[in-house]
Amino acid sequence: MADTSLDGLFTPLTIGNVTLRNRFVMPAMQIGFTENCGPSPRTIDYLRGRSEGGAGLIFSESCAPDHPSGYWQAAFCVMNPETRGRWEALTEAIKGAGAAFAVQLWHPGGQRRPIEGFAHADAPTLSPSGLIQAEREGGRAMTAAEMDDLADAFVRAAEDAKAIGADGVELHCAHGYLMDQFLWAETNVREDGYGGPAIADRARYPLAVAAAIRQAVGPDFLVSLRFSQFKEVDYGARVFETPEELAEFGALAKAAGVSMLNVSSRRFGKPEWPEQDAALGIAGWAKRLTGLPVMTTGSIGLSTDIFADLFDGEDPGLRIAADLAELARRFNAGEFDMVGVGRMHIANADFVTKVREGRFDELRLYNKAVDLKHLMEQVVPGAVEEHRKTADV
Ligand SMILES: Cc1cc2nc3c(=O)[nH]c(=O)nc-3n(C[C@H](O)[C@H](O)[C@H](O)COP(=O)(O)O)c2cc1C
């Protein structure tokens, strides 16, 4: 019989120099409390609450390096000399309540839409090939010098994260933002060795940045890499057409010094290559093919995935018991090592404690209108509304 015990999810895990007290992770999520590109007292209270509520590891919301092309609007974080002290206070608050903490390093690439009058609004919007989807323009192709400059800015941000006491950083290579624009064949048609049909070429820049970060932060600091097959602009997109391409990427990521893979999917249990394995999800494939510690994410506890929810207005319902049983079955079978719980963590600061104590019926359903009210009010329109899907799969 399938092992659906949750006990294993409450065992510690050590990666490099950080030990997570359990396997539950709060993935990076903007919440709308950001002030002037950095954490506010409200951000600190909010994330301290998730640490007190039992999470093993918390990722910050996406945070750009201090590079002109990374500035967009005050609602989106940047690691710079002005915000650094606030990041430090946030780190202390989260770690003081028991969770490990890592800063997610992100760059919007061609998705950026500069806001007139905001810092660096005149700086060019940069992307690998001037595209955010086939035949859909976004930014202009980066020069080699710009790629070097931006890589340096990423390294400085990672060094800052280490200096303020964070346990790690995550390189956001998912969902159709800059690093994913490099990874995805549709948005990276460069002919300089950093793009084109081969995954090794498209991965060259993101993994060069990962390697430079590893070099700067030393061997034991957590360096997570987050990737997704899907994009916000195309649910059916694939970075990796085959398991062989994922295996090749994984080997290169390992060689670059990546210490864990955070695999973002719309539903954690969806089989990725069903013709080869009827059940294995993309996180399971990543673990099988790379051997790295792997985190799964996607609709845990909820019936509708984040993008249908955010962009298509499909409100989710609760699916706690069934999802936790499936999660445990897959975890106990060795498919993945950590689980990211997103929206249910927004709605329930003590999600992990309630699950541990079996108090499933006390978990509140996430409600976008209530839980994302501040985010919707704060983000200058245009950040989300232009997203569109091209295939619902
Ligand atoms: C409001 C909101 C903001 C998000 N912001 C980010 C982000 O900054 N970086 C990121 O990698 N993912 C972001 N995500 C995606 C989440 O990390 C997660 O992958 C997604 O919500 C799926 O998990 P869930 O189904 O458990 O909510 C965001 C999600 C939400 C709901």
Side-chain angles (χ1 to χ4, degrees), residues 24-34 37 39 43 46-47 50 55 57-64 70 72-73 75-79 102-109 111 169-180 224-232 235 261-270 281-283 295-312 314-320 323-324 326-327 338-348 351-352 355 363 365-379 383-384 387:
F24 286 95
V25 181
M26 180 159 177
M29 284 182 293
Q30 289 147 17
I31 192 62
F33 301 150
T34 298
C37 296
T43 318
Y46 166 73
L47 288 181
R50 274 65 197 165
L57 169 64
I58 293 177
F59 285 102
S60 76
E61 65 187 86
S62 54
C63 172
W72 177 345
Q73 52 178 290
F76 297 152
C77 290
V78 180
M79 181 68 81
V103 177
Q104 186 185 63
L105 299 178
W106 157 89
H107 187 288
Q111 297 279 3
V169 290
E170 173 165 272
L171 194 55
H172 188 333
C173 303
H175 306 166
Y177 294 98
L178 179 79
M179 292 300 183
D180 196 21
S224 169
L225 186 149
R226 181 169 225 203
F227 74 82
S228 63
Q229 293 277 56
F230 74 89
K231 318 296 155 215
E232 291 172 13
Y235 297 167
L261 294 173
N262 173 353
V263 183
S264 174
S265 60
R266 293 172 59 212
R267 265 211 81 75
F268 75 95
K270 184 173 170 281
I282 181 71
M295 166 179 156
T296 190
T297 316
S299 305
I300 291 164
L302 294 171
S303 62
T304 301
D305 83 276
I306 172 64
F307 298 104
D309 161 20
L310 266 190
F311 304 133
D312 307 336
E314 291 175 26
D315 290 331
L318 278 178
R319 260 177 59 145
I320 307 290
D323 273 3
L324 287 176
E326 186 181 356
L327 190 69
M338 291 157 276
V339 300
V341 176
R343 289 164 294 162
M344 283 299 281
H345 241 140
I346 296 182
N348 300 275
F351 179 88
V352 177
V355 168
L363 288 167
L365 175 61
Y366 151 90
N367 175 335
K368 179 173 57 187
V370 176
D371 294 315
L372 298 188
K373 184 168 172 286
H374 299 284
L375 185 62
M376 296 306 172
E377 284 170 3
Q378 195 202 26
V379 169
V384 291
H387 285 285

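Note that the structure is predicted; figures quoted are calculated from it, not measured. Indexing begins at 1, ligand by ligand and atom by atom, following the structure's order.
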Just by modelled atom types, is the [Y] backbone N or O under 3.5 Å from a matching donor or acceptor in the [X] side chain?
X	Y	value
Arg226	Glu170	no
Ser60	Gln104	yes
Arg266	Thr304	no

If we only consider heavy atoms of [X], is any one of them less than 4.0 Å away from an atom in ligand 1?
X	result
Ala174	no
His345	no
Thr297	yes

Q.
Under a plain distance cut-off of 3.5 Å, with no hydrogens placed, do Glu61 and Gln30 share a side-chain donor-acceptor pair?
A. no
Less than 3.5 Å apart, any donor N or O on the side chain of Gln229 or Ser265 sitting next to an acceptor on the other? no
For ligand 1 and [X], I'd like to know whether there is a polar contact (N/O to N/O, distance under 3.5 Å).
X	value
Arg266	no
Arg226	yes
Gly342	yes
Ser265	no

Take Phe351 and Met26 through the side chain to side chain contact (heavy atoms under 4.5 Å, CB included) test and state the conclusion after the steps. CA-CA 10 Å; Phe351 179 88; Met26 180 159 177; over 6 Å; no
In this structure, is the centre-to-centre distance between the rings of His172 and Phe227 below 6.0 Å? no
Please report which non-hydrogen protein atom sits nearest to [atom], along with the residue it belongs to and the distance in Å to one decimal place.
atom	result
atom 31 (C) of ligand 1	Ile306 CD1, 3.0 Å
atom 14 (N) of ligand 1	Ala28 O, 3.3 Å
atom 28 (C) of ligand 1	Met29 CG, 3.5 Å
atom 25 (O) of ligand 1	Ser299 N, 2.6 Å
atom 2 (C) of ligand 1	Gln30 O, 3.9 Å

- Parallel, tilted or perpendicular: which describes the rings of Trp106 and Tyr177, with under 30° parallel and over 60° perpendicular? perpendicular
Note: Cys37 and Gln73 closest approach over all heavy atoms is SG-O, 4.0 Å
What one should report as the nearest heavy-atom pair of Phe230 and Asp180 is O-OD2, 4.3 Å
Atoms of ligand 1, numbered as shown, that sit under 4.0 Å from any heavy atom of [X]:
X	value
Arg343	24 (P), 25 (O), 26 (O), 27 (O), 31 (C)
Gln104	7 (C), 8 (O), 9 (N), 10 (C), 11 (O)
Leu375	1 (C)
Leu372	1 (C)
His172	9 (N), 10 (C), 11 (O)
Pro27	17 (O)
Ser62	8 (O)

query: Does some side-chain heavy atom of Asn367 sit less than 4.5 Å from a side-chain heavy atom of Leu365?
result: no
Checking heavy atoms under 4.0 Å, the part of Met344 that sits near ligand 1 is neither
Side chain to side chain donor-acceptor pair (under 3.5 Å) with Arg267: of Thr296, Asp323, Asp305, only one passes, and it is Asp323
